[in-house]
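Report on the following structure.
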Amino acid sequence: MSKIIMGIKLQERMKSATKVQELLSKYGCDISTRIGLHVASPESCSPHGLIVLEFIDDADDTVKEFENELAKIEDLVVQKMVF
């Protein structure tokens, strides 16, 4: 049984957020926890974003599909931990 935690850094949040959101919705049933972070100030929103995902147990194949689809989106950095 494996537990997968994934981090997705959006380098250009305003350009890639919509595409990433579509994938998050598509794979939503396999994601048990989702945390989205970005730095905002009164003057502007940060151009960067960070999403942390925890997948349901034993979602290895689904996570591979998700990663392959993320790889098609520019300006993302994806890292994962498998326990």
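- Here OG1 of Thr18 is found 10.5 Å from CZ of Arg13. Values are rounded to the nearest 0.5 Å.
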For this session: Could you walk me through whether Ser25 and Gln21 pass the side-chain hydrogen bond (donor to acceptor under 3.5 Å, both in side chains) test, one step at a time?
Result: CA-CA 6 Å; Ser25 294; Gln21 179 58 46; 3.3 Å; yes

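- In the hydrophobic cluster analysis, where Ile, Leu, Val, Met, Phe, Trp and Tyr join through side-chain heavy atoms closer than 4.5 angstrom, Ile35 is grouped together with Met81.
- Taking the side chain as every heavy atom from C-beta outward, Leu24 and Ile51 approach each other to under 4.5 Å.
- A 6.0 Å sphere centred on NZ of Lys80 holds more than 12 heavy atoms belonging to other residues, nucleotides or ligands.
- Considering only heavy atoms from C-beta on, Phe66 comes within 4.5 Å of Leu53 through its side chain.
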For this session: Decide side chain to side chain contact (heavy atoms under 4.5 Å, CB included) for Ile73 and Leu23; before the verdict, give the C-alpha distance in whole Å, the side-chain angles of both, and the deciding distance to 0.1 Å.
Result: CA-CA 11 Å; Ile73 302 172; Leu23 289 179; 3.8 Å; yes

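- The local environment of CG in Asp61 is sparse, with at most 12 non-hydrogen atoms from other residues, nucleotides or ligands closer than 6.0 Å.
- Expressed to the nearest 0.5 Å, how far OG1 of Thr62 lies from NZ of Lys26 amounts to 10.5 Å.
- With hydrophobic clusters built from ILVMFWY side chains whose heavy atoms lie under 4.5 angstrom apart, Val63 shares a cluster with Val78.
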Without placing hydrogens or testing angles, list every side-chain donor-acceptor pair under 3.5 Å for residues 2-12, not counting sequence neighbours.
| from | atom 1 | to | atom 2 | distance (Å) |
| --- | --- | --- | --- | --- |
| Ser2 | OG | Asp60 | OD1 | 2.7 |
| Ser2 | OG | Asp60 | OD2 | 3.1 |
| Lys3 | NZ | Glu54 | OE2 | 3.1 |
| Lys3 | NZ | Phe55 | O | 3.0 |
| Lys3 | NZ | Asp57 | OD1 | 3.0 |

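- Between the CD atom in Glu67 and the CD atom in Gln79 there is a gap of 11.0 Å [rounded to 0.5 Å].
- A continuous path of hydrophobic side-chain contacts links Leu70 to Val82 [ILVMFWY only; heavy atoms under 4.5 Å].
- Separating the CD atom in Glu69 from the CD atom in Glu22 is a distance of 10.5 Å, to the nearest 0.5 Å.
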